[in-house]
Amino acid sequence: MTLAHDTVDLSCTIAGVRFPLCLMNASGALCVTREELEALGRSRTGAIVTKSMTLEARTGNPEPRYYPFAGGSINSMGLPNLGYRAYAELIPALKTFRKPVIASVAGLCEDDFPEIARTIARAGPDLVEVNLSCPNIAGKPQIGYDFEASERLIRRVRAVVDCPLGVKLPPYFDPAHHAAMAEVLKRAPVDFLSLINSVGNALVIDPDRESVVIKPKGGFGGLGGPGIKPVALANVRAFWKAFDGRIPIIGVGGVVSGTDAFEHLLAGASAVQIGTALVEEGLKVFDRIAGELQAVLKKKGYPSATAVVGRLKEL
Ligand code: SIN
């Protein structure tokens with residue numbers, strides 16, 4: 001591409017919902033409390049994504065449960081959240097910020113998901129993201145690795161949610177698993193995908209202390225940040241191809257710069273979420289990465305972020 005554009009359009013549309021900016025927080029990053037969610041509303045983020053909510057409020061796993069290191073971060077938060085009733089009450093206030101609100105729904109068993117989804121959908125979020133991929137609750141395997149359970153659960157949630165519905169999936173590491181989950185999502189259709197959650201059950205060791213760095217689950221936790229970007233890009237690309245580009249994807253994983261966001265767009269994401277970099281840098285990360293993405297697209301002659309989606313060249 002060679003055309004130069006003074007301003008590049010960084011908005012996007014996902015499942016019919018317009019986002020003023022194709023960058024937003026990842027669920028979990030600075031989005032648990034009312035104060036955090038309102039601060040997101042006042043920031044440059046293109047959407048407000050809530051922490052994954054459970055039936056009852058949770059304090060989460062024992063601390064330390066988050067640890068940043070050179071390659072990214074490891075966490076085992078354990079779904080600390082206010083409980084879905086509190087988020088249902090908050091959503092109308094969050095909508096006054098005039099950007100999409102995405103309610104992230106989790107659960108400790110299958111029956112929790114439709115119960116939460118029914119009430120939260122009535123509160124009027126713009127989209128619902130069902131979290132099938134939390135790796136941090138001891139004794140609760142990630143649902144996204146059980147294809148039958150995922151299909152059953154999505155069908156039950158779909159039946160009670162009118163707004164666009166998406167799933168946040170764990171990373172898959174084999175094409176057979178990409179294909180199997182894509183078939184599930186074609187049979188139990190969803191409107192968008194968020195790819196990927198943290199790379200679960202990783203272990204970071206501090207050699208000086210000869211110790212794990214987080215307390216829950218013997219130090220095992222979900223890996224985020226720059227180190228997981230290639231895994232995230234591969235999952236975005238695999239699902240983009242499995243759907244022939246016909247499902248909007250929100251890329252998550254390792255977005256620290258405008259170039260990282262650009263790579264997610266090339267792979268097939270329509271928007272990206274920011275986790276570790278938001279926690280480490282704070283809300284100004286949205287301004288910085290938006291500026292960097294704007295500069296990358298301008299230099300390359302793209303008129304918009306949308307024009308980049310899926311254009312990755314293969315050799
Ligand atoms: C957590 O709260 O443990 C993280 C949530 C997630 O990875 O889905």
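In each ligand, atom 1 is the first atom listed, and ligand 1 is the first ligand listed. Scope of the values below: all heavy atoms of this structure, side chains included, with no hydrogens, waters or symmetry mates. What you are looking at is a predicted structure, and each value in this text was computed from that prediction instead of being measured.
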**Item:** Those atoms of ligand 1 less than 4.0 Å from some heavy atom in P80
**Value:** 2 (O)
**Asked** Where on N75 is there a heavy atom closer than 4.0 Å to ligand 1, on the side chain, on the backbone, on both, or on neither?
**Response** side chain
**Asked** Between E314 and R237, is there a salt bridge with N-O shorter than 4.0 Å?
**Response** yes
**Asked** Does a salt bridge link E292 with R288, judged by any charged N lying under 4.0 Å from a carboxylate O?
**Response** yes
**D126 with K99: basic N within carboxylate O range, under 4.0 Å** = no
**Asked** What atoms in ligand 1 come closer than 4.0 Å to a heavy atom of N197?
**Response** 6 (C), 7 (O), 8 (O)
**Item:** From CG (L233) to CG (L312), nearest 0.5 Å
**Value:** 8.5 Å
Could you list the donor-acceptor pairs under 3.5 angstrom formed by side chains in residues 212-221, with sequence neighbours left out?
| residue | atom | partner | partner atom | Å |
| --- | --- | --- | --- | --- |
| K217 | NZ | P135 | O | 2.7 |
| K217 | NZ | N201 | OD1 | 2.8 |

**Prompt:** Looking at G78, which atoms of ligand 1 are within less than 4.0 Å of one of its heavy atoms?
**Reply:** 1 (C), 2 (O), 3 (O)
**Item:** Ligand-side contact atoms (ligand 1) for residue partner N136, heavy atom cut-off under 4.0 Å
**Value:** 1 (C), 3 (O), 4 (C)
**Prompt:** Heavy atoms only: which of V32, T54, L79 is nearest to atom 1 (C) of ligand 1?
**Reply:** L79
**Complete:** Under 4.0 Å from one or more heavy atoms of P135, ligand 1 contributes atoms 7 (O)
**Prompt:** Do V252 and L195 have side chains that get closer than 4.5 Å, going by heavy atoms?
**Reply:** no
**Item:** Any residue meeting side chain to side chain donor-acceptor pair (under 3.5 Å) with N81, in chain and number order, not counting sequence neighbours
**Value:** T54
**Asked** Counting each atom of ligand 1 from 1 as listed, which ones have a heavy atom of N131 under 4.0 Å away?
**Response** 6 (C), 8 (O)
**Message:** Just to check, does G200 reach to within less than 4.0 Å of ligand 1 when the distance is taken from its heavy atoms?
**Reply:** no
**Message:** Taking 4.0 angstrom as the limit and counting only heavy atoms of K51, give me the atoms of ligand 1 inside it, by number and element.
**Reply:** 1 (C), 2 (O), 4 (C), 5 (C)
